[in-house]
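Reading through the structure tokens given below for one structure.
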Amino acid sequence: MLETQEQRREAMFLALAQVPKGKVITYGNLAKLAGMPNGARLAGRLMCGLPANSRLPWHRVINSQGKLSLPEGSDGYCEQLKRLQQEGVEIHNGKIKLSLYAYSF
DNA sequence: CGCGGGGCGAGCT
DNA sequence: TAGCTCGCCCCGC
């Protein structure tokens with residue numbers, strides 16, 4: 001399984017869909033959840049390809065450092081930050097407390 | 001088919 | 001805590 005990129009994309013989306021509101025997940029964990037232990041970068045690549053109006057909670061995906069992995073000042077950065085705060089996720093100095101908001105499965 | 005680069009991660013200094 | 005290096009995987013040249 002997970003041979004074609006279709007399946008991987010699918011798995012990644014399903015995994016992402018499991019992340020509840022008010023929680024966040026790291027690229028690495030998302031990949032693992034999707035059955036790809038080394039798919040962190042792929043996860044990032046996919047997020048990058050998602051349209052801003054996608055139904056998926058792409059904004060709940062952050063890097064293992066608890067930060068948004070986008071360049072500050074970019075549109076996506078603001079958008080993600082905004083949506084997260086809107087869901088009740090507090091951000092301290094651009095960083096999120098994974099110990100509080102990280103989604104575990 | 002090699003090479004460099006990316007919305008990554010883990011480990012060492 | 002901040003940098004750097006190395007390993008992964010996927011893409012474009």
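A note on names: the letters A, B, ... follow the listed sequences, proteins ahead of strands, and every chain is numbered from 1.
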_B/dG7: pairing nucleotide in any strand, Watson-Crick or G-U under 3.5 angstrom_ =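 Across all strands, not a single nucleotide pairs with B/dG7.
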
_For C/dC8, give the paired nucleotide (Watson-Crick: N1-N3 plus N6-O4 or O6-N4; G-U: N1-O2 and O6-N3; both under 3.5 Å), or none._
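No nucleotide pairs with C/dC8.
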
Could you tell me how far apart [X] ([atom1]) and [N] ([atom2]) are, to the nearest whole angstrom?
X     : N     : atom1 : atom2 : value
A/L50 : B/dG6 : CG    : P     : 20 Å
A/M12 : B/dC8 : CE    : P     : 13 Å
A/L70 : B/dG6 : CG    : P     : 14 Å
A/M36 : C/dC9 : CE    : C1'   : 11 Å
A/I25 : B/dC8 : CD1   : P     : 15 Å
A/H92 : C/dT1 : NE2   : P     : 13 Å
A/N38 : C/dC6 : CG    : C1'   : 13 Å
A/L68 : B/dC8 : CG    : C1'   : 14 Å

*asked:* Does C/dC11 have its OP1 or OP2 closer than 4.0 Å to a side-chain nitrogen or oxygen of A/Q5?
replied: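 Yes, such a contact exists.
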
Considering every strand and a 4.0 Å limit on heavy-atom distances, what is the contact class for [X]: base, sugar-phosphate, or nothing?
X     : value
A/R45 : sugar-phosphate
A/S74 : nothing
A/G28 : sugar-phosphate

*asked:* For the backbone of A/Q65 and the side chain of A/N63, can you confirm whether one donor and one acceptor N or O come within less than 3.5 Å of each other?
replied: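 Confirmed, A/N63 side chain pairs with A/Q65 backbone.
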
_Heavy atoms from C-beta onward define the side chain here; which of B/dG7, B/dA10, C/dC8 lies closest to that of A/S64?_
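The answer is B/dA10, which lies nearest to the side chain.
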
*Among B/dG7, B/dG9, C/dC8, find the nucleotide with the atom closest to the side chain of A/N63.*
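It is B/dG9.
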
*Look at the side chain of A/Y27 against the base of B/dG7 and say whether a donor-acceptor pair falls under 3.5 Å; ignore hydrogens and angles.*
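A donor-acceptor contact between them is present.
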
_Within 6.0 Å of NZ in A/K23, more than 12 heavy atoms from elsewhere_ =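 Enclosed: over 12 neighbouring heavy atoms sit under 6.0 Å from NZ of A/K23.
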
*Is the number of heavy atoms from other residues, nucleotides or ligands within 6.0 Å of CD (A/E90) greater than 12?*
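At most 12 heavy atoms, drawn from other residues, nucleotides or ligands, come within 6.0 Å of this atom.
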
*asked:* Just so I know, are the side chains of A/Y103 and A/Q18 near enough to count as touching, which here means a heavy-atom distance under 4.5 Å?
replied: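 A side-chain contact under 4.5 Å exists here.
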
*Decide yes or no for A/Y27 and A/L46: does some side-chain heavy atom of the first lie under 4.5 Å from some side-chain heavy atom of the second?*
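In short, these two side chains do not touch, never coming nearer than 4.5 Å.
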
*A/K95 or A/R41, whichever maps to the more 5' nucleotide of DNA chain C*: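 Going by which nucleotide is closer to the 5' end, it is A/K95.
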
*Taking the same atom, C1', in C/dC8 and in B/dG6, what whole-Å distance lies between them?*
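Looking at atom C1' only, C/dC8 and B/dG6 are 12 Å apart.
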
_Interatomic distance at C1', C/dC13 relative to B/dC1, whole Å_ =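 C/dC13 and B/dC1 have their C1' atoms separated by 12 Å.
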
*Hey, which sits more toward the 5' end of DNA chain B by its nearest nucleotide, A/K32 or A/Q80?*
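That would be A/Q80.
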
*Decide side-chain contact (heavy atoms from CB on, under 4.5 Å) for A/I91 and A/K95; before the verdict, give the C-alpha distance in whole Å, the side-chain angles of both, and the deciding distance to 0.1 Å.*
CA-CA 5 Å; A/I91 293 148; A/K95 289 171 229 149; 5.6 Å; no

